[in-house]
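What follows is a set of notes on a single structure, which appears directly below.
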Number of protein chains: 2
Amino acid sequence: MAKGKKDLDLSTEEKIMEAARKVFTEKGYAAARTRDIAEESGINLALLNYYFRSKEKLFELVMLERVNKLFGAIIPILNEESSSLEEKIEGIAGSYIDLLTEHPDLPIFVLSEIRNRPEKFAALVNARDRVTKSVFMKQLIERKLSVSPFHILINLLGMTVFPFVGKPVLSKLIGKEAEFDELMKQRKELIPMWIKMMLN
Amino acid sequence: MAKGKKDLDLSTEEKIMEAARKVFTEKGYAAARTRDIAEESGINLALLNYYFRSKEKLFELVMLERVNKLFGAIIPILNEESSSLEEKIEGIAGSYIDLLTEHPDLPIFVLSEIRNRPEKFAALVNARDRVTKSVFMKQLIERKLSVSPFHILINLLGMTVFPFVGKPVLSKLIGKEAEFDELMKQRKELIPMWIKMMLN
DNA sequence: GTCTATATTCCGATAGAC
DNA sequence: GTCTATCGGAATATAGAC
């Protein structure tokens, strides 16, 4: 079974899903073995196929969950009708940093699996219109910036998400894990401040 | 020689390395098959082992190259003695955007392989002192910022590198490939401008 | 539903002819 | 040095007893 978590009241199916989330996210699809998942969940290898039919099908379920988790943290904020542009920026930076502090390897997992099989998973994140036609983008356009609104979106995501993508390298530069987390906590207020400077 | 080029005068060993660079970088170590590499290089599978002994050894050579390419573009600039802080910022943004426009999947490849096997590859990028004690960091500290200099470094790298890490998703939002490249070209001048704003 | 044992496929590596 | 053919192990998936 998993690390801190208990498997006390989980159904067998849930135990397998829980283990699959962990193993796939840590190692990626290709390097993950169904035996790892079976062992991690404390059940037998045959049961994995009994419940999920194949490694591929199990992975698709996990991937769908992870994509929704990663993009579900931002899309609703982008489309809020009543909040200001500044409030949205604060909301995105804050909720993303909270989410990624808890799940640091979420972005690199999702992005690298999409890169590995774009034909299969790029459609999952078919957020084209939900982003480009979002309230957030409309509000950015209203500001009559001298640059494309995409630059602002890229900067917001880059400053927020990149430190977690680069964490395996950056945390070595910075020193202790706790210091990394402290810096990220500071960024919840700093990033909105910096982005607002770019709006003038 | 890269994509457009032909393999005309390449030695067998170079043809295999060339194919290995391509296949490993595109699919990652675990998903790459030595048969893919052999086919891509137009030679036989046995020759791969004849020249490189194993998949693992071949991968180590490729990984070393890629890490040096990725970090070699920034470390020397960080340690220039004679250039100003502003010039270093322009140099890093400019040379990184040029490099990554040509090799967009370099960062996600390197970062995800380091994450997969930190015990093996984290040492490769043992740039701790070369970064934290760099001229660039000293120059940042001299500015007496109200925030940690690491924030500035993270912002510079985040705004520069993240768009390429997120390219599989971002390019779908933006539209055509050419528009993505045009935005990146603009960022060579925009990023230094934004970073300089953060120094005040 | 759950297990053990086994079938099947795939892949890295090698033997041996040329 | 280069090839064809094959070995041997590893990993996914299934059969069948309980």
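The sequence lines fix the lettering, A, B, ..., with proteins before strands; numbering per chain opens at 1. Values below: every heavy atom of this structure, side chains too, minus hydrogens, waters and symmetry copies.
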Rounded to the nearest 0.5 Å, how far does CZ of A:Phe150 lie from CE of A:Met137? 4.0 Å
Between C:dG12 (C1') and B:Glu39 (CD): distance, integer Å: 16 Å
Under a 3.5 Å distance rule, please check whether B:Arg115 uses its side chain to pair with a backbone N or O of A:Gly166 as donor and acceptor. no
Do B:Lys69 and B:Glu65 meet the salt-bridge criterion of a basic N to acidic O distance under 4.0 Å? no
Check: residues 190-200 of chain A side-chain donor-acceptor pairs under 3.5 Å, at least two apart:
{"residue": "A:Lys196", "atom": "NZ", "partner": "A:Glu90", "partner atom": "OE2", "Å": "2.8"}

Between P of C:dG1 and CZ of A:Phe52, the distance in whole Å: 12 Å
Non-neighbouring partners of A:Glu56 that pass side-chain contact (heavy atoms from CB on, under 4.5 Å), sequence neighbours left out: A:Tyr29, A:Ser54, A:Glu60, A:Arg117, A:Lys120
Between C:dG1 atom P and A:Ile16 atom CD1, what is the distance in whole Å? 11 Å
Would you mind reading off the distance between B:Arg33 atom CZ and C:dA13 atom C1', rounded to a whole angstrom? 15 Å
B:Lys55 and B:Thr34 side chains, donor-acceptor separation under 3.5 Å: no
B:Leu47 has an atom CG; how far is it from atom C1' of D:dA5, in whole Å? 15 Å
What does B:Ala32 touch in the nucleic acid at a heavy-atom separation under 4.0 angstrom: a base, only the sugar-phosphate, or nothing? sugar-phosphate
For nucleotides 13-18 of chain D, tabulate all protein N/O to nucleotide N/O atom pairs closer than 3.5 Å, reporting atom names and distance.
{"residue": "D:dA13", "atom": "OP2", "partner": "A:Lys55", "partner atom": "N", "Å": "2.7"}

